Amino acid sequence: MIGRLNHVAIAVPDLDAAAAQYAGALGAKVGAPQDEPDHGVTVIFIELPNTKIELLYPLGDNSPIQGFLDKNPSGGIHHVCYEVEDIIAARDHLKASGARVLGDGEPKIGAHGKPVLFLHPKDFQGTLVELEQV
Ligand code: CO
């Protein structure tokens, strides 16, 4: 059911330092910071030949990644995002298999303007999973 790995999101405590490291030491194609007020994050997209990395930094007072950074002050992998063709069908299949969908279970428009859902990390080997309809 899942398709390509769309992105790996990494929460970082210092966005400028992380961007400089990816551009310099790792030699990656690093985009400009983008504020996503609806999601409480500032994001930098890094294009790799086969997928993307998203550097996430808290934006505003109630950022959903602040708690993660409090627990992981050096940063860390926050979630992975898999592509699906039909997010409602994917959600219903996952719920029927016992997985928990976060929030009210209805897809929201994600950082790329496409419908997304998040799955409970305790149901997926401790990893927060995002599904994005492509
Ligand atoms: Co994401």
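Only this structure's heavy atoms are used, side chains among them; waters, hydrogens and symmetry mates stay out. The structure presented is a predicted model; accordingly, all values stated were derived computationally and were not measured. Order of listing sets the numbers, starting from 1, for every ligand and every atom in it. FYI, the numbering just counts along the sequence from 1.
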Closer than 3.5 angstrom, by distance alone: can the side chain of [X] be matched with the main-chain N or O of [Y] as a donor-acceptor pair?
X: Arg4; Y: Tyr82; value: no
X: Asp35; Y: Pro37; value: no
X: Ser63; Y: Val41; value: no

**Request:** Would you sort out whether Glu54 and His79 count as a side chain to side chain donor-acceptor pair (under 3.5 Å), showing the intermediate values?
**Result:** CA-CA 10 Å; Glu54 294 183 9; His79 65 267; 4.9 Å; no
**Asked** Is any side-chain heavy atom of Ile2 closer than 4.5 Å to a side-chain heavy atom of Glu83?
**Response**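 Ile2 vs Glu83: side chains apart.
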**Request:** Evaluate ring-ring contact (aromatic ring centres under 6.0 Å, His included) for Phe45 paired with His112, printing each intermediate quantity in order.
**Result:** CA-CA 10 Å; Phe45 296 102; His112 310 118; 5.3 Å; yes
**Asked** Which protein N, O or S atoms lie under 2.8 Å from the Co ion (ligand 1)?
**Response**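 Only His7 NE2, His79 NE2, Glu130 OE1 fall inside 2.8 Å of the Co ion (ligand 1).
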